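The structure appears right after this line, and notes come after that.
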Amino acid sequence: MNRECYARLLNAAVRRVGLGLLLLATATPGLQAEEISSAPAATQIADQTNTAFVGGQTAYKKMSLEELMNLDVTSVSKQSEPYGQAPAAIQVITQDEIRRSGASSIPEALRLADNLEVAQKNSHDWGISARGFNTDLANKLLVLMDGRTLYTPLFSGVFWNVQDYLLEDIDRIEVISGPGGTLWGANAVNGVINITSKSARDTQGLYVEGGGGTELRYFTGVRYGGTLASNVYYRVYGKYFDRASEVFPDGSNASDSWAMGQGGFRVDDYASGGNVLTLQGDGYGSGVNIPAGGEGMASGGNILGRWSHTISDDSDMSLQLYYDRTHLADPISNQFGTADILKDDLDTYDLDFQHRFRLGGRNRFVWGLGYRYTHDEVGQAANLAFLPSPLDHNLYSVFAQDEIMLVKDLYLTLGTKLEHNDYTGYEWEPSGRLQWNITSNQMVWGAISRAVRTPSRVDRDLAEPNSPPTILAGGSNFVSETLIAYELGYRAQLGRKVSASVSTFYNDYNNVRSLSFTPATIVPLFFDNNLEGYTYGAEFSATYQVFDWWRLHGSYDLLEEHLSVEAGQTDIEHALNETSDPKHQMSFRSSMDLPQNVELDAGLRWVDTLHNNNSGVVGTVPSYFELDARLGWRPVKNLELSFVGQNLLHDQHPEFGVPGPTREEIVRSFYGKVSWRF
């Protein structure tokens, strides 16, 4: 791939030695799977919907502030609890917020989470992180979709361009900033994103959508839900979209257009008292144009089964099994070859069990077991290899957590997860969390946690080029990166019209990835663990219900990052390659319900300057303001027309990447949409 693609992957030194290899970390259209997690609580798959029903059809419903604070979340403790009483830096994106934002993809919807950094790189790639480390090889954020991890063992991150769903069928997205390793395992270092779809019972009838515009050239989606028997519900869906290319700084076409199709099904069986059975699956195919020439292809599918059994009001258990298959074929170009095809086929099998119960009147206990097996087979390109080509990995895990009521309204939660992986052996991730419910509407919490980021194939198995002499290699002794995190937060509903949340943190990192050289021969360059440092910051958000028909929301994030090379060690990137984040972020959203069933929504965001690695020196992405807006109208109950404008303040602007003529910029865009449900 071209120089701009190198910049995405390992920036600086990588480009100097022609590391086109890691291009697949962003420009590849493939892969998911492989993260360390446990099965979701039984309550997670129960019927928790935020929508009202009219004659069996899903109706629009804006939740009040009180309803939002009482919305059940499951990501903090793997048990259902009100959002307002969840002791973590968590935000919830509801279905109504997704619809009214005008988002057309999961990454766009994630801009609604104030505690995330979301940067669009090009037509089909995004950089998404919590509390820093948002580079091309971002690897400290765990993402789940209905209990299935969206993760690639190639670089410990997420290929966002193949994470898709019919957005109408997403119930909510829970976003935690801060470590979640005690419950969710390794790589839940800086945050957890938990995407939950609606049950099939809540998506009965026919839903059809379609539209198009300037960048989102055309799209369509259809879903039908029905019943198979009494209390047995199903849905099937399909969708397709085509996105135009973005541009280079001079306004020329970047030739990176993107198209994707996806379909799937879900069945929920409530027929047996105390039991819920779920079976769901998805399949997709994607193609992206690569600016340097050629077309990347990705395809895959998954199937997941889950059994949830309610023992009593205070006890339940769940068992989950899924299989995930992904295929990637991507053209790689560097100084060792042009448009060589790298292929990767990944099979993931994951089994998880979880049990929740009470111990006396003061203890809520949850524990679980997990096993994951992955088979990864890389079809090597001449200029890039992962050695060995086929690799089997086993992951075993056990976790336990106890929430203890010390006195009324004061709770202490202690827990840990123990895992065994084939790279580093045993890893443990304990945490302690204290929660004080000052009143029924105000809560203070604090936490101390340990989390780890285990090695990926890039860290251990990389070789470029494929044949000797190797210029860049994985480090055979690469160990897990570690974090000790300290957090303090406050959340409150201050009357009927105002709610607010503030979280502060201090993160201490060790064994962070570096790039070293061989003393005698200089090459191969290899990955090591020579960086250390700390970050600290604060996250603030508030919502004000001005009138019943008008709601305002604002947020501010502060992030300070300080990474350095350990004493006596080396990093040829000068500790620049693992961070690319703004110090300040602000957002402001307005949501209005106007007469005649008209909705007007607007979102303004400001992102501070990004500092990144540009060949071993500091590169920047300029700070920017940007505005998105949506106008919607329902002329009749089941028909909605909407018009969306995105990036309205600039003809084009960059959000990611090092300076240069091949850094892509995001253009102003418009699209219209028609949706019909009956």
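Only heavy atoms go into these numbers, but all of them, side chains included; no hydrogens, no water, no symmetry mates. Source: prediction; values computed, not measured.
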### Message
side chain to side chain contact (heavy atoms under 4.5 Å, CB included) for Arg630 and Glu599? Distances and angles first, verdict last.
### Response
CA-CA 8 Å; Arg630 173 187 175 273; Glu599 298 171 335; 3.1 Å; yes

### Message
Can you list everything that forms a salt bridge (charged side-chain N to carboxylate O under 4.0 Å, His left out) with Glu97? Sequence neighbours excluded, please.
### Response
none

### Message
So, using salt bridge (charged side-chain N to carboxylate O under 4.0 Å, His left out) as the criterion, who are the partners of Asp282 when residues are at least two apart?
### Response
none

### Query
How would you list, by chain and number, every residue that makes a salt bridge (charged side-chain N to carboxylate O under 4.0 Å, His left out) with Asp169, sequence neighbours excluded?
Arg223, Arg235

### Query
If every non-hydrogen atom of Gly287 is compared with every non-hydrogen atom of Met297, which pair is closest and at what distance?
CA-SD, 4.0 Å

### Query
Near Trp549 CH2, under 6.0 Å, is it more than 12 heavy atoms from other residues, nucleotides or ligands?
yes

### Query
Should Glu209 and Tyr207 be marked as a side-chain hydrogen bond (donor to acceptor under 3.5 Å, both in side chains) after you check the CA-CA gap, both sets of side-chain angles, and the distance that decides it?
CA-CA 7 Å; Glu209 68 177 27; Tyr207 171 82; 2.6 Å; yes

### Task
Compute both the distance and the angle, then confirm whether Arg668 meets the cation-pi test with Phe670: under 6.0 Å from the six-membered ring centre, within 45 degrees of the axis.
no

### Query
Quick check: are there more than 12 heavy atoms from other residues, nucleotides or ligands sitting under 6.0 Å from CH2 of Trp633?
no

### Query
Do Phe643 and Tyr671 have ring centres separated by under 6.0 Å?
no

### Criterion side-chain hydrogen bond (donor to acceptor under 3.5 Å, both in side chains) on Ser104 and Arg243, from CA distance to verdict
CA-CA 11 Å; Ser104 60; Arg243 289 183 181 266; 2.6 Å; yes

### Task
Check each of Arg491, Met69, Gln493 against Met443 using the side-chain contact (heavy atoms from CB on, under 4.5 Å) test, and report the only one that passes.
Arg491

### Task
Return the minimal non-hydrogen interatomic distance between His553 and Thr543, and the atom names on each side.
ND1-OG1, 2.7 Å

### Message
Tell me the closest heavy-atom pair linking Asn253 and Ser245, and the distance in Å.
### Response
OD1-CB, 3.1 Å

### Query
Side chains of Gln585 and Asp608: do they bring a donor and an acceptor to under 3.5 Å?
no

### Query
Ion pair present between Glu640 and Arg100, side-chain N to carboxylate O less than 4.0 angstrom?
no

